Structure formats: structure tokens, C-alpha cells
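None of these values were measured; they are calculated from a predicted model. Start at 1 and go down the list; that is how both ligands and their atoms are numbered. One is the number of the first residue; the rest follow in order along the sequence.
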Amino acid sequence: MTEAYSSQQNGVVSENQAENIRIKGKAVVDFAEKLLTLKRERIHRALTQILGLPFAFLAIFVLLSMLIARLFFINILKPLTLIRQTIRKVSEGDFCPIPYHETGEDEISKLIYAFNRMEGELKSKQEQLVQSRKIAAIGTFTAGIAHELNNPINNIYLTAETFLDDRELSNPEGRELVSDILAQAERAGEIIKNLLDFSRSELPSFTDLNIREVIEKTLKLVKNQTMLTGIRTDIAISSDLPNIQGNFRNLEQIFLNLFLNAIHAMPDGGAITINASHSSEDYLKIDVRDTGTGISSEHLEHIFEPFYTTKSVGRGTGLGLAVTYSLVKKHGGYIEVQSELNAGTTFSIYLPIGHVSENAHETADCRY
Ligand SMILES: Nc1ncnc2c1ncn2[C@@H]1O[C@H](COP(=O)(O)OP(=O)(O)O)[C@@H](O)[C@H]1O
Ligand SMILES: [Mg+2]
């Protein structure tokens, strides 16, 4: 009885246990299924990510390529196109710099900077060549005429002088007329002297010269005129300047022409300031500054041309600066000019220190 009960009791326990086991088993199966779904989802997500990665990389690659291409175009192709276009213009004779405003340290910027410098040099050399040819052509032409005119004008001058000295010429009107002839012959003689100075092609003889002496002696020649017009003259010359190799008469002519122009530009008075200093190891720089009318940009580019004058007939021949230019050139130097309307003008003469080379006349130029 007890056994039956117990076996019956045993049967109940096993049923419960079985139920329990089933429930737990189901939970385990559910859990396993959930885990499987989760894993599958993760694997799916991971697969999707792995498969999408190449597309993302591709998109980034395309974007980067476009960016690099754009940078390449802006930094290399565009400047190269500008360089090509400018080279074509330069070869056609239009000397314009490359319009590129970046001043970086990269190779393209350095190339453009170097090109623009070379182009500036070419332009100045071209202008110099044109000017030299013009001067050479006019020089040959004028030298012939000047030689031919020199003798008759000398004769006119001497005859007029003899006439004026003649005691029998007491009529004041007659004396005035002869004086006029004398003045005009003197002026014509001066023009001829300038023309001959300007057209002489051989190099003058050079000696050791002190620039202070040359300037002071030349200033004495215009002392009367500066005093009459109320013009002050100031000289500032460094005491340690070395002597230069030059021709005294030529240098006197150079400064005389500059002083006379300065005086003409200050009819109501003003100041002429002369500074001389070392411009570099190789050159002396002499500035002749006035406080006169100044030169407009329209005239400035022509002032070194022979016969270019803004002065009335009888007052200017347009030869002063052309002669100055040609003499400075013979000394292996160059001229710079800066001017401001109604404020004044500065001419800067650069003269080499030491030996002047044989082909000095081919190396000088003028700069504005
Ligand atoms: N210091 C100056 N101030 C103003 N204008 C000047 C000066 N120097 C030269 N010029 C201008 O340059 C022109 C040419 O000068 P130049 O060759 O000496 O000839 P000229 O004196 O006979 O006119 C002058 O007519 C004048 O217009
Ligand atoms: Mg003059």
C-alpha cells in the first residue's frame, strides 16, 4: 500500500518534473532562437556594412579626386595657362606682366615672380634699344648738319661782333639790331654745340674726378640765374665719396642741363637740392631735386627724346636731357626721374665708381 502510494507519488513527481523540464526546455529553445535571430541580425548588419564600405570609399575617392583636380587646376593649370598666354603676348611685342597676385613660396609663384622680373628687364632693354637707335639715327643726321652750320654761324657771330665794336656804328637802333644778331648767333652756336655733344659717338677721355668739385663748379655757372629768380641751392654730399672716372666737361654739361631745367621749372623761386651718396658698392648716386612745376606723366615718357620740349620757341630746344642721357651713358651710368605735378622733380644720376667699361654706352638707360 505504502509502495503503491509511493509509486503513485513518484508518478506525480515525474510529471511535474517533466513539465518543468519542458518549460525550461522551451525557454532554452526560445532563448536559443532569440539568440540566433539576434546573431543573424548582427551578421546581416555587419554584412550590410561590409558591403556598403566600398561604395563609401568610392564616393570619398571620387570627391577627393574632384577636390585634387580642382586644386590642381587652380594652383597649376591656371597659372600655367596665364604663363603661356603672357609668353605669347611678349613674343608679339606686348610686354605685360603675368596678372597673378599670389605671393606664396611655392614653385609656381616663384616661377611667375621670376618671369615678371625677366619681362620687366626685357621691356626696359627694349625701350633702351629703341631710344639708342633713335639717338644714333638722329645723331648721324644732326652731326652732318651741325658741322655744316658751325662755320657760317661762327662767321655771322664774328662779323656782328666786329660791327658792334666799330666806333662808327653810333646809331642806337643799329647797335640794338647788331646786338640781336649777336645774341641769336650765340644761341644758334649753343644749339650746334649741344648737337655735336649729343651726336659724338666716341668715348670722351676720362680722368680721376671729385664729384663735389664738379657740382660746385657747375653751380657757379648758374649762380646769377638762381639769385635773380630767388632760388636757394643746398648741397649735401657725403664726405667719404670716392673719386670717379669721368670727363669734366661732360659731367659739367650733365649737371648744367639739369640745373637749367630746374631753374626754368621754378620761375617764382624755390629750391634746388643736390645730394650725392653711395647708391651701392658700384655706383654713386647724385640727386638733383627741385620744387618746381613737375612733369605730367604724358610728358615724362618723352623728355629724354631729342627735340622734345614743352618750352616756347627760343627758350627750349629739347636737347638738354637727350644730351644728358647720352653723356651719362658714355660714363656707364643711368638716369632715373621722379616727378609730381606742382610739387617738383628729382633727377637721379648713377655713375659707376672705378673703371668705366669700353662698351659703357651700351649699358646705360633711363628709368621713370
Ligand atoms: N626739372 C624739370 N621740371 C619740370 N620739367 C622738366 C624738368 N626737366 C625737364 N623738364 C621737361 O622736359 C622737357 C625736355 O627738357 P630738355 O631736354 O632739357 O629740353 P628743353 O629744356 O630745351 O625743353 C622740358 O621741355 C620740360 O618740359
Ligand atoms: Mg633743358
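Between T346 and D287, the side chains place no donor N or O within less than 3.5 Å of an acceptor N or O (distance only, hydrogens not considered).
Closest to atom 23 (O) of ligand 1 among all protein heavy atoms lies T309 OG1, 2.5 Å. The protein heavy-atom contact nearest to atom 21 (O) of ligand 1 is K311 NZ, 2.6 Å. Remark: minimum distance from atom 12 (O) of ligand 1 to any protein heavy atom is reached at I303 CG2, 3.2 Å. Looking at atom 14 (C) of ligand 1, its nearest protein heavy atom turns out to be Y308 O, 3.3 Å. In this structure, atom 2 (C) of ligand 1 lies nearest to the protein heavy atom D290 OD2, 3.8 Å.
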- Query: Please walk me through it: do Y283 and H278 pass side chain to side chain donor-acceptor pair (under 3.5 Å)?
  - Reply: CA-CA 6 Å; Y283 283 91; H278 258 130; over 6 Å; no
- Item | Working for side chain to side chain donor-acceptor pair (under 3.5 Å), residues Q184 and D180 | CA-CA 6 Å; Q184 294 303 322; D180 268 356; 5.9 Å; no
- Message: Working note: H331 + F206, criterion ring-ring contact (aromatic ring centres under 6.0 Å, His included); need CA distance, chi angles, decisive distance, verdict.
- Response: CA-CA 9 Å; H331 281 74; F206 288 165; 4.7 Å; yes
- Checking salt bridge (charged side-chain N to carboxylate O under 4.0 Å, His left out) for the pair E190/R187: CA distance, chi angles, key distance, verdict? CA-CA 5 Å; E190 191 59 31; R187 193 175 126 68; over 6 Å; no
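Heavy-atom neighbours of E148 CD from other residues, nucleotides or ligands within 6.0 Å: at or below the threshold of 12. At most 12 non-hydrogen atoms from other residues, nucleotides or ligands lie less than 6.0 angstrom from CG of N224. Atom CD of E281 has 12 or fewer heavy atoms from other residues, nucleotides or ligands within 6.0 Å. Atom NZ of K89 is surrounded by 12 or fewer heavy atoms from other residues, nucleotides or ligands within 6.0 Å.
Checked by distance only, ligand 1 and A265 stay at 3.5 Å or farther apart across all their nitrogen or oxygen atoms. Checking only distances, N261 does come within under 3.5 Å of ligand 1, N or O to N or O. At least one N or O atom of L321, backbone or side chain, sits closer than 3.5 Å to an N or O atom of ligand 1.
Of all atoms in ligand 1, numbered sequentially from 1 with element shown, those under 4.0 Å from a heavy atom of G294 are 4 (C). For ligand 1, the atoms sitting less than 4.0 Å from at least one non-hydrogen atom of G316 are 22 (O), numbered in the order shown with element in parentheses. Atom numbering of ligand 1 starts at 1 in the shown order; those under 4.0 Å from a heavy atom of I295 are 4 (C), 5 (N), 6 (C), 7 (C), 10 (N). Close approach to F347 involves these atoms of ligand 1, each under 4.0 Å from a residue heavy atom: 1 (N), 8 (N).
Among T310, T317, T346, the residue whose heavy atom sits closest to atom 24 (C) of ligand 1 is T310. The nearest non-hydrogen atom to atom 20 (P) of ligand 1, considering only G320, A262, A322, G318, comes from G318.
Using a 4.0 angstrom heavy-atom cutoff, N257 does not count as in contact with ligand 1.
Using bins of under 30°, 30° to 60° and over 60° for the plane-to-plane angle, the ring pair Y350/Y334 lands in the parallel bin.
The two atoms that bring I98 and N116 nearest to each other are N-OD1, 2.7 Å, heavy atoms only.
Contact annotation for T293 and ligand 1: only side-chain heavy atoms (C-beta onward) come within less than 4.0 Å of the ligand.
Among the backbone and side-chain atoms of N261, an N/O/S atom is found under 2.8 Å from the Mg ion (ligand 2).
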